[in-house]
Amino acid sequence: MPEPTVSTVTVLAADYFRSYSVVGLLAVLGVLFVAVAFGAGRLLRPVVPTPEKLLTYECGVDPVGEGWAHTQVRYYVYAFLYVIFAVDSIFLFPWATVFAAAGYGATTLVEMFVFLGFLAVGLFYAYKKGVLEWT
């Protein structure tokens with residue numbers, strides 16, 4: 001194989017950084033778009049603070065009591081379980097693509113059963129602790 005020349009390496013490096021310059025340009029344009037939108041909103045909106053506008057508003061009803069409310073822990077547990085299974089479903093789609101590729105069937109199948117086994121153990125643990133019972 002012939003040794004690459006300096007000009008070949010320079011051209012390859014320029015092509016490499018040119019592709020990243022497009023990504024950088026799009027990132028800068030995105031930041032500028034958001035900055036212009038927020039700036040235009042700040043300049044164009046009416047600012048007329050009145051005592052009524054400065055009051056706390058909660059669903060059309062004046063709030064009563066303190067701002068802190070007790071929330072049951074089980075709601076957080078349900079949210080946590082949802083996140084776990086959302087990650088599971090996100091992992092299943094690329095896995096199915098790799099599983100369909102030649103030469104990866106048995107390996108990816110074992111990996112998926114290990115992953116699903118961990119999730120099943122976690123779900124079984126939550127069930128045994130009574131977390132999944134709505135009372």
Side-chain angles (χ1 to χ4, degrees):
M1 186 165 167
E3 189 72 25
T5 63
V6 174
S7 63
T8 307
V9 172
T10 306
V11 169
L12 290 175
D15 288 342
Y16 178 77
F17 288 117
R18 188 176 306 125
S19 64
Y20 277 109
S21 66
V22 171
V23 173
L25 179 66
L26 285 175
V28 168
L29 286 175
V31 169
L32 282 175
F33 180 78
V34 171
V36 167
F38 276 116
R42 180 168 286 219
L43 291 174
L44 297 175
R45 71 178 179 218
V47 180
V48 186
T50 61
E52 290 82 17
K53 288 183 180 180
L54 297 176
L55 288 175
T56 305
Y57 182 78
E58 188 174 318
C59 300
V61 179
D62 290 331
V64 178
E66 296 181 19
W68 292 97
H70 295 285
T71 304
Q72 301 254 350
V73 174
R74 69 172 156 239
Y75 299 125
Y76 296 112
V77 173
Y78 280 110
F80 186 65
L81 288 172
Y82 169 76
V83 168
I84 288 172
F85 287 103
V87 169
D88 178 34
S89 64
I90 289 171
F91 186 64
L92 282 172
F93 290 113
W95 171 80
T97 305
V98 171
F99 183 69
Y104 291 104
T107 305
T108 57
L109 186 63
V110 169
E111 289 173 351
M112 182 50 67
F113 276 116
V114 168
F115 179 72
L116 291 175
F118 281 125
L119 289 177
V121 167
L123 186 62
F124 183 71
Y125 177 77
Y127 174 75
K128 282 298 193 184
K129 289 295 239 179
V131 171
L132 302 178
E133 294 177 10
W134 190 268
T135 55

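Numbers here simply count residues along the sequence, with the first being 1.
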Q.
Can you tell me how far apart CG (Leu92) and CG (Leu116) are? Round to the nearest 0.5 Å.
A. 6.0 Å
Q) Is any side-chain heavy atom of Phe115 closer than 4.5 Å to a side-chain heavy atom of Glu111? A) no
**Q.** Flag if over 12 foreign heavy atoms under 6.0 Å of CZ, Phe118
**A.** no
Q. Hey, is CZ on Phe85 packed in by over 12 heavy atoms from elsewhere, all under 6.0 Å?
A. yes
(Q) Working to the nearest 0.5 angstrom, can you tell me the gap between Asp88 CG and Tyr82 OH? (A) 12.0 Å
Q.
Running the 4.5 Å side-chain criterion over Ile, Leu, Val, Met, Phe, Trp and Tyr, what cluster does Val28 land in, apart from itself?
A. Leu32
